[in-house]
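Take a look at the structure set out below.
As the structure lists them, so they are numbered: ligands from 1, and atoms in each ligand from 1. Numbers here are sequence positions counted from 1.
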Amino acid sequence: MIHDVIIIGGGPAGMTAALYALRNGKSVCVIEREGFGGQITHSPRVENYPGIASMSGNEFADTLMSQIMNLGADIELENAQQVIKTDRLFNVHTEEGSAHQGRSVILATGVKHRLLGLDGEQELTGNGVSYCAVCDGDFFAGENVCVVGGGNSALQDALLLSAKCASVTVVQDLPALTAEQVLQKQAMHRDNISIQTNARVTALLQQDGQLTGIRVQSDQGAPRDIPCSGLFIAIGLVPDNAPFRNLAALTPQGYFDADERCLTGTPGVFTAGDCRNKNIRQLTTAVGDGAVAALAACRYVDAVMADHPDGC
Ligand SMILES: Cc1cc2nc3c(=O)[nH]c(=O)nc-3n(C[C@H](O)[C@H](O)[C@H](O)COP(=O)(O)OP(=O)(O)OC[C@H]3O[C@@H](n4cnc5c(N)ncnc54)[C@H](O)[C@@H]3O)c2cc1C
């Protein structure tokens, strides 16, 4: 079967793109390699999605999934590895050995937060470990938290958390912070922020599946345990877009180089969500991109079909 739209990535951006394309009468295949819902399924509570006071990330993902399934989306739990354009069609090849044919492609591959790589990190995500202070900071009001990292994101997290938490300890492995001076000055002036440079987190401490602290090793001296109920890891985001660079140019950081219109340099190929070059990576911006990319893909398919009614 040739689908009108093939979407790579079943996160909020990809599933929203599917919703919009299906409601425009297009046939859609969504290919997801891990679990439908993407990053948001790691969030126990989402409280910044307009119109919905509170929901879990899984509730959001399940509802969106039902919506697209009810509209007839084809879904594949596969890892898309390569897309080859042949004349007017795109062939999406997966690690599992399938080849899916489509008239257009939406790349919605998201990002991964860079992990510390410590034992228990995955299990404690959502149980004390977070990668999103904007999203999860309120859950730690009045408590002691740590932030790992020393760049802009880490210090923005620390400043945001210091307004609601009892104390914030920033742990940076380099000799100095790398964030902009203005952020560093603001952090220095907050009484409840302390900064430890030349210090590496070497272990996550836990009890009954809940984070209770971190172990930190500085350049000199013995390891030290810092009790905390929250650990915000801000050591960078990692896109995983390289397999598709033949279709869409990448920025030096590895994001798809597309603007607010979600167009790539290849006609028929669009991109949506956290995987594209943008400033704000949130649920609202991901679903917004999904809608924009889907409607652009629908217009593209309509034009191709008008010129080539045989469908190829
Ligand atoms: C713990 C946590 C809490 C958060 N809380 C909030 C919050 O409260 N509010 C908020 O607005 N935002 C929150 N966010 C951010 C929000 O989840 C993201 O901005 C949003 O999920 C981005 O959606 P996306 O579809 O662009 O990417 P993703 O959610 O990253 O989805 C991309 C999907 O593509 C799949 N994929 C990638 N490559 C391939 C491939 N080659 N083949 C097949 N599938 C592939 C991935 O497996 C993934 O499922 C949170 C993020 C985290 C990690």
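Salt bridge annotation for E260-R276: present, with a cationic side-chain nitrogen under 4.0 angstrom from a carboxylate oxygen. Checked for salt-bridge contact, R281 and D289 miss the test: no charged N lies under 4.0 Å from a carboxylate O.
The aromatic rings of Y300 and F270 stand perpendicular to each other, their planes meeting at an angle above 60°, with 30° marking the opposite boundary.
Contact shell of ligand 1 (protein heavy atoms, cutoff 4.0 Å): I8, G9, G10, G11, P12, A13, I31, E32, R33, E34, G35, G38, Q39, I40, H42, S43, V46, N48, E78, N79, A80, A108, T109, G110, V111, H113, C135, F244, G273, D274, R281, Q282, L283, A286.
A donor-acceptor pair shorter than 3.5 Å can be found between the side chains of E78 and S98.
Within a 6.0 Å sphere centred on CG of D119, heavy atoms belonging to other residues, nucleotides or ligands number 12 at most.
Sorted by first and then second residue, the side-chain hydrogen bond (donor to acceptor under 3.5 Å, both in side chains) pairs involving residues 164-184 (not counting sequence neighbours) are D138-K164, N144-S167.
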